[in-house]
Trainee: 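My structure is below; once you've seen it, I'll send some questions.
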Amino acid sequence: MEKYVKVVVRSNTIYTDNLFTYQIPALLIDNLEIGHRVLVPFGRGNKPTEAFVFEISDKLEEKIKTKEVVDILDENPIFKIEDLELVSWMKNRYLCTYIDCINLIYPKGYKLNNYKVVSFNDDYENLNQFQLQLILSNISNEEKKIIDEIINNKGKIKVEKLKNISNVNNILERLKRKEIIKISWEYKNHKNEKKICYISLSMDGEDVDDYILNHKIKTGSKQKEIINFLKYNDEVEINDLLELLNASRQSITSLHEKKLINLELKDYYRKPESIYTSVSKKIELNSEQKNAIDKIKSQMFDEDKKPYMIHGVTGSGKTEVYMEIIDSALNQGLDSIVLVPEISLTPQSISRFKNKFGEIVGVFHSQLSEGQKHDVYKAIKSGKIRILIGARSALFAPFNSLGVIIIDEFHESAYKSEKNPKFNAIEVAKFLSVKKNISLILGSATPSIEEYYKAKQGEYNLIKIQQRANNKPLPKINVVDMKEELNKGNKSIFSMKLQLEIQEAIKNDSQIILFLNRRGYANFISCRKCGYVFQCENCDISLTYHKGDNIGRCHYCGYEKEIPIECPECKSKYVKPFGVGTQRIEEELKTIFKDIKILRMDKDTTSKKGSLEEILNKFKNKEADVLIGTQMISKGLDFDNVTLVGILSADMILKFPDFKSSETTFQLITQVSGRAGRSDKEGSVILQTYDTDHYAIRRAINYDYEGFYNDEIKIRNAFGYAPFNNMISVVVSGNNEHLVKQNAKNMYDSIVYLLKSRGIDNFEFILGPNPCTIAKINQNYRWQILFKDDNIEINLLKGIIKYICITKRDVVFNKDINISIDINPNSVL
DNA sequence: GAGCGTAACCTA
DNA sequence: AGGTTACGCTCA
């Protein structure tokens, strides 16, 4: 009986983003399963291509000519049915390609390479020297060059390696016509599995000498040495042995051929090192924590359970709760995933998990090398890792019996991917939790408005923890009005109150955290006389001043420019940096407090691997009085000795032209404040702002989440923002400004045309096309159209966008135009 | 988007 | 004829 498979082919284009049908050859019929990775011929040249089996069927639905599957690439299917369902769901949800989604769950380290090789035609393969001379005498010099290359490479060479010879293609074509050579596709299936070879005697040490005598085996002196060494050492790593005895590989091969030794490959695990250490502290759980744990534990095996939302104040010991739940899951044989916003920022919590659970804790994030990722992947599959801590991509880890997913600080924007597939980790986790009956737990001190709204609608089990773990009060937040400060004649970045408290803290041997949400020295550089502002040459962004090198740097593309003394416009010498960044805070703090020791933590000081952990270690060991940082310091840091937190400019984020700016401000103030007074010493917070009346600031200083939520949800409702509407952003970009604008308008017209044909004639739910707020990034001009599902069903809207931007892409858009579709984006800049 | 075939254009 | 390049059409 004939059988067919429907596969997704690895080819990086939307034009081949559909299921292709291949026939299964009789040989493979019994073994081929859904989820297998197979090799298929693809395209005119039948290039060997990796493909993924989505369906198996007995007959062809339509009359199409099919090719045959060549081979199955792995013994077992690499994907389960649920994995494929997830892929299809994500593709539809985020309007991306199959391959984008497959890449997320694809075994790390696997790779199929394909390449073309030139070799002699069959008849020429067993040539003798005489025949070869005959061929060589019959061809041109150029042709000879290529033949020589083939001979030098043992009769076969990759076409790629001949690229430096001019006009290769034609010469090859000629040789092919003369039937001297053939060109064919080959492939290699890499699995990047690092194995270590162990060597041992194939028999008992006492029997070796007899065996050698009886079988009259000759062994060289080096070989004897090796055998003697192995008599006293059971199993040795081959490289160690070679080095130790200064032996050669040849001796080993020879011994192996004589069947005197066994060679065995064993898995090797590359472990990412962590230099951050912490002592485990015993915490007595309070009743709120216990209740949360009991509730989640008791429902672990219930079907149809809702996800949980833990809304616990900063320092309420959410991590303890997570660990108890994970422990309980572990005892039931269930594995856990803990998502953290950005893994490099949480060495503290990772070390706490490792202290409690030891070797079964794995860490996964994008900064690992491909090899390390692969090893983690394999360790999960083999059950060596039972708990995985990682960034959003850790969701796709191949656990066999996943029972718990925890999303810590779930309000963080890092859970929304910015690149394809532009998925939201919370949504994906919900999908998985329903599919696999997983306990999903979201935790935060400042839940996002969207999710909290859903919790109030009954989509979550809402669990509140209102007491800090050690029953310490939350630090008091004191507001300083910077307008008044200016009236009093204080032009410094530091209010008088903050200066006094810093002095006090230092006197008491306590530590201080200062927060400012901008790195660099100053946020723009301008001429005071003519108003000229230094701009990035590639982006529509003003350059940030970095004092050490006297350069302006673009924080979008990395462009750098030395800042001249003279204004390039009016030649005056009044070029000055304006605004404040962390660098400047550090500098001014040093002028006020002469002997102060300062650590700075922002993207500039933590870009090197391990530098973040180093800064945290230094601060923990009290090698500095003050830690200055951007929003990096708001996430999960836990230092006993910090009593004072200074928020230098609380309204900085408020001015962002984004509907989430109030929410972000509230969250940052709450989170940063939560770094103070976490242990025995009482903490306090100084919050400096020009806008003392804003509801986000007023609510934050009273730790009034409910109040803030009520204020904010009204505004969201009035303007039709999330959670009341979905928003779809389509950004059209390219290096030709006019073309980009034209294409964006084209797209708008096409969509309006389609909508009209469906009887819709109110287009208020479409905003644009407009140039993006940042109209140019990296020489790419950007236009945007925003859609809200106000007046229209979301799936109809998505269907139309998909039709125009994907199906009919080549009709509506020019070839060198990029289109980026984002469902509920983080920001619309 | 890659790979392939083909048309068109240049060179000696 | 030999060499080079630009373009358009698939992809099961």
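Every heavy atom of this structure was used, including side-chain atoms; hydrogens, water molecules and symmetry mates were not. Just so we're on the same page: letters track the sequence lines, and every chain starts at 1.
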Trainee: What is the distance, to the nearest angstrom, from the CD atom on A:Glu186 to the P atom on B:dG3?
Mentor: 15 Å
Trainee: Does NZ or CZ of A:Lys158 lie under 6.0 Å from the centre of the six-membered ring of A:Tyr115, at an angle within 45° of the ring axis?
Mentor: yes
Trainee: If only side-chain N and O atoms count, and only distance matters, is there a donor-acceptor pair under 3.5 Å linking A:Asn103 with A:Arg10?
Mentor: yes
Trainee: Can you tell me how far apart CG (A:Asn538) and CG (A:Asn735) are? Round to the nearest 0.5 Å.
Mentor: 12.0 Å
Trainee: Could you state the atom-to-atom distance from CD of A:Glu173 to P of B:dT6 in whole Å?
Mentor: 10 Å
Trainee: Identify, residue by residue, the members of residues 5-18 of chain A with a heavy atom below 4.0 Å from DNA chain C, and return them in order of residue number, or none.
Mentor: A:Tyr15, A:Thr16
Trainee: Provide, to the nearest angstrom, the distance between the CD1 atom belonging to A:Ile24 and the C1' atom belonging to C:dA12.
Mentor: 14 Å
Trainee: Fit a plane to each ring of A:His374 and A:Tyr110, take the angle between them on a 0 to 90° scale, and name the class: parallel (under 30°), tilted (30 to 60°) or perpendicular (over 60°).
Mentor: tilted
Trainee: Write down the distance between CZ (A:Arg174) and C1' (C:dG2), rounded to a whole number of angstrom.
Mentor: 7 Å
Trainee: So, does A:Tyr94 use its side chain to make a donor-acceptor pair with the main chain of A:Asn424 at under 3.5 Å?
Mentor: yes
Trainee: Without decimals, in angstroms, what is the distance between A:Ile817 CD1 and B:dG1 P?
Mentor: 13 Å
Trainee: For A:Ser413, is there any backbone N or O sitting under 3.5 Å from a side-chain donor or acceptor partner on A:Asn826?
Mentor: yes
Trainee: For the pair made of CD in A:Glu160 and P in B:dG3, what is the distance, rounded to whole Å?
Mentor: 10 Å
Trainee: In whole angstrom, give the distance that lies between atom CG of A:Asn814 and atom C1' of B:dG1.
Mentor: 17 Å
Trainee: Does the ring of A:Phe431 carry A:Arg93 above it, NZ/CZ under 6.0 angstrom from centre and within 45° of its axis?
Mentor: no
Trainee: Using only side-chain N and O atoms of A:Trp185, determine if any of them is under 4.0 Å from OP1 or OP2 of B:dA2.
Mentor: no
Trainee: Base, sugar-phosphate or nothing for A:Lys116? Non-hydrogen atoms, less than 4.0 Å.
Mentor: sugar-phosphate
Trainee: For residues 39-60 of chain A, which residues have at least one heavy atom under 4.0 Å from DNA chain C?
Mentor: A:Pro41, A:Phe42, A:Gly43, A:Arg44
Trainee: Quickly work out the A:Lys815 NZ to C:dA6 P distance and round it to whole Å.
Mentor: 15 Å
